[in-house]
Every structure is written in structure tokens, then in C-alpha cells.
Amino acid sequence: MQRRYLDNAATSFPKPPEVLEGVTRYACELGASPGRGAYGEAKEAGLLFDECRGRINELIHGEDPNHVVFTLNASDALNMAIRGVVHGCDSSNTKPHVITTWMEHNSVLRPMNELVSRGDMEQTRVRCDPVTGLVDPDDIRKAIRPNTVLIAVVHGSNVTGTLQPVAEVGAIARERGVALLVDAAQTVGHVPIDVRAMGIDLLAFPGHKGLLGPLGTGALYIRPGVEKRMATSREGGTGSVSDQDTQPTFMPDRFEPGSHNAPGIVGLSQGVKWILDKGVDELWQHQRGLMRLMIERLGDGMPGLRLYGPQGVEDRVGVFSIRIDGFGDPQSLSDVLEKDFGLLTRSGIHCAPLAHKTIGTDQLGGTTRLSFGPFTTEEDVLFISDSLAHLCQGQAARVSSC
Ligand SMILES: Cc1ncc(COP(=O)(O)O)c(C=O)c1O
């Protein structure tokens, strides 16, 4: 049976062959640690890093490639951003205040809760629409206080696929002089992002999902100037200004202590090149076409199936959360989809407990999630919908015969 990977929201698969070639070439021919030697291989590895930063900067319309800081994953980038802003601001008179939403991943909720429990900051979590998962930018505006230093919003929900109105939130953040952090874990590489036009100060993202790089890669884009308001969370060797026993202040070294995941970053660079060559607008149109087909098919002949989140393609990405009556525990649906149809999905709470509270699935064990990538095809969508229709009709027949 053909196995179809539908867990691109966790990490993308397959990767373009160029990604693997990049990793292999680095490992077999270079091997040196960038910035840690003046010999040819180390210099070439350093140039490959510059190329990767340049490609990411081009993709997100950043101002300076040196403001693309490599991280371990999106969680690492989000921690760096949240802790950096909270600990970097002057808190001598008032505790900093941070705003976020109920649709966030634990990679935002947990660092924030930790900082609140240590007494380092206050937080407001803005509720989102129980059907669409959308945040109302006006609710964010109303939550701003004189001591608000950061607004953190997820661009695309990893539960409902909801695409938040980030540019509108960005305009509010700019107007009020508050830094905006966007969690682009489910959008970078899939959805066109322009950090300048969208008013984004900090963009956190994994390298291993939409950017098609290997696991263990990620980045934080820091708008030039914002780094001056941020504290470092980690310090260490950078290969630069080695005679100095304090962390360099220049970018990206200020936020990049220690040796890098060089094979991963070289692979990531190839993933980003693949996206730039195809064109993110074209990939997005392809994805929207698949989403449209999926939504049409889910609305047709599927008794007992419920799709959560936006019911059209306008405010969403290709992350679909569903439940089918008769499958109490979402994992039992995932198990049947794998065993009988070769569909690889993910069930549960997806590290976003408040998002499930928002849509009312927290007490039901969550949802079953199917998430698309650039290699998902129309044929996959037709197969998925036929499989789901088969299960729905089977369940409906069982109920009516009882
Ligand atoms: C919305 C969102 N934010 C953050 C993360 C964390 O990403 P990573 O696993 O790269 O740390 C994820 C992962 O699924 C996510 O979906």
C-alpha cells in the first residue's frame, strides 16, 4: 500500500533531493566549522552560511541577511525572542507586559508562563473566534498597556490552519511602539511573507517544515535596531573577537554562540533555494488549489465529519483538523487511516492546548490533523477525501443499523 505523508505541520517530507545533496557535500567535502578557521574549507563553509542567510532574507523580504540568526528550531527562536525582549527592557519601574493569543503553540505559551511564574513579566492572552480561530486585531489593540513591550501572534495555526491578520496587528504594534513577534512555523515557505510590509519586528520559524531543510534547523529574523532592545539568553564562543570575554554586540554573532549545525544549515539553504526557484507565490497558489479541492470534497457526502477552523481558503493554510462521529479518540481515526489507507496523520492536542479549548476539542482528546506540503498532489487530496468518505459512510451505516 502506498504510504502518504500528511504530517508536514510537524516536519516536511519528502525533502527536495538538493537538500540531501547539500548535506552530503558538506559532510563529505568540507566538514569544517564556519568561522572557526582561515583555511579554504572553513571559509567556504562560512560562505555557504552567508548564502543561506541571504536566501532566507530574500524570501521574507528582510532588511539585512546578518539579522537572520540560526537556531535549533522554531521553539528555540521563539524563546530567544520572548526572553530577549522581556529581559532586555528596562524593568526598574514597571514589570514588562506581553500580549499573545489563545491560538498559540506551547513554544510561546510555555516560555511566557515560565517568565510570569518567575515574576519577570505580566501577560494578557487574547481569545480567538471559536469557529474560525481568528483573532480580532481590535482586541489586541485594547489589551495594550503603557508597559506592553511585546505582542506575539502565530501566523498560521498548527491546529486549525487559521491564518491570522498579521499585517493588521503589525500596523497596531507600529502605531503603539510595541515589538511584534510572529510565529511563522506553519507559514514560512508556504505563504508569501514580507516582514517590512507586515510590520514584523521578529519572525521565528523552523528550517525543517516549510523551508524543507533538515530537522535541527530554524531561525529568528530580528529587524535591524530591535536587537539593541534584546538581552541574550546564551553566550559563548563565536569564532570572532576571541580576545574579548564578553559576547560580541554585532549581528549575527550576538545571538549565535557555539558551533553550528553546519550540515543542517547547508541543507536548509538548498531547501530555501528550491522555494525561491519555484517561487513562493506559485507554491502558495498550488497549496490554495489543493485546499479548495479538499474543502469542497469534505463538504460533500461526509456524514458525521466535522472540519474545524476556517471553512474557506481565504484565512487558512493547508492544515486540516477533523473529527468523525463514532471515532471517540482521534488517535483511533489516525490508526485506521494509516492501517487501511496508508495515510500518515497526527492526532491529539498538537502542543496547542488553548487552541483546542477555543474550538471546543480539548475535552475530546483533540482532533486528527492532516497537513499538506509542496509535494502533496491533487491525486492525494482525492484519495484522502475518498478514504474519509468511505469511513464516514461506514460509520453512518453502523449507526442507522443499531
Ligand atoms: C505554530 C507552531 N509554533 C512552533 C512550533 C515549534 O516548532 P519546532 O518544533 O521547530 O520547535 C510548531 C511545531 O509544530 C508550530 O506548529
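Whatever order the structure lists them in is the order used to number ligands and atoms, beginning at 1.
- The closest non-hydrogen atom to atom 13 (C) of ligand 1, taken over His350, His155, Lys209, comes from Lys209.
- Heavy-atom contacts of Ala185 reach the following atoms of ligand 1: 1 (C), 2 (C), 3 (N), 4 (C), 5 (C), 12 (C), 15 (C) (cutoff under 4.0 Å).
- Cation-pi geometry between Arg323 and Tyr308 is not met at under 6.0 angstrom from the ring centre and within 45 degrees of the axis.
- Checking only distances, Ser75 does come within under 3.5 Å of ligand 1, N or O to N or O.
- Using a 4.5 Å cut-off on side-chain heavy atoms (C-beta onward), Thr367 and Pro330 make no contact.
- Evaluated for a side chain to side chain contact (heavy atoms under 4.5 Å, CB included) with Pro111, the options Asn106, Ile82, Val86 yield exactly one hit, Ile82.
- For atom 16 (O) of ligand 1, the closest non-hydrogen atom on the protein side is Gln186 NE2, 2.7 Å.
- Applying the 4.0 Å criterion to heavy atoms of Asn73 picks out, from ligand 1, the atoms 8 (P), 10 (O), 11 (O).
- Distance from atom 10 (O) of ligand 1 to its nearest protein heavy atom, with residue and atom name: His208 NE2, 2.8 Å.
- The shortest contact between atom 15 (C) of ligand 1 and any protein heavy atom is with His105 CD2, 3.3 Å.
- Contact annotation: Gly218 has no heavy atom less than 4.0 Å from any atom of ligand 1.
- Among all protein heavy atoms, the one lying closest to atom 1 (C) of ligand 1 is Asp183 OD2, 3.4 Å.
- In this structure, Ala9 is part of the shell of residues with a heavy atom less than 4.0 angstrom from ligand 1.
- No option in Ile324, Ile322, Asp335, Leu6 other than Ile322 meets the side chain to side chain contact (heavy atoms under 4.5 Å, CB included) test with Thr368.
- Taking every non-hydrogen atom of Val154 and a distance limit under 4.0 Å, the qualifying atoms of ligand 1 come out as 1 (C).
- No donor-acceptor distance shorter than 3.5 angstrom exists from the side chain of Tyr5 to the backbone of Leu343, with no hydrogens or angles considered.
- Relative to the ring axis of Trp102, Arg125 does not place its NZ or CZ within 45° and under 6.0 Å from the centre.
- Residues Thr71 and Asn79 have side chains not in contact (no heavy-atom distance under 4.5 Å, counting atoms from C-beta outward).
- Between the side chains of His97 and Thr124, at least one donor N or O sits under 3.5 Å from an acceptor N or O.
- Between the side chains of Thr345 and Ser334, at least one donor N or O sits under 3.5 Å from an acceptor N or O.
- Of all atoms in ligand 1, listed by their number and element, those nearer than 4.0 Å to a heavy atom of Pro206 are 10 (O).
- Checking only distances, Ala74 does come within under 3.5 Å of ligand 1, N or O to N or O.
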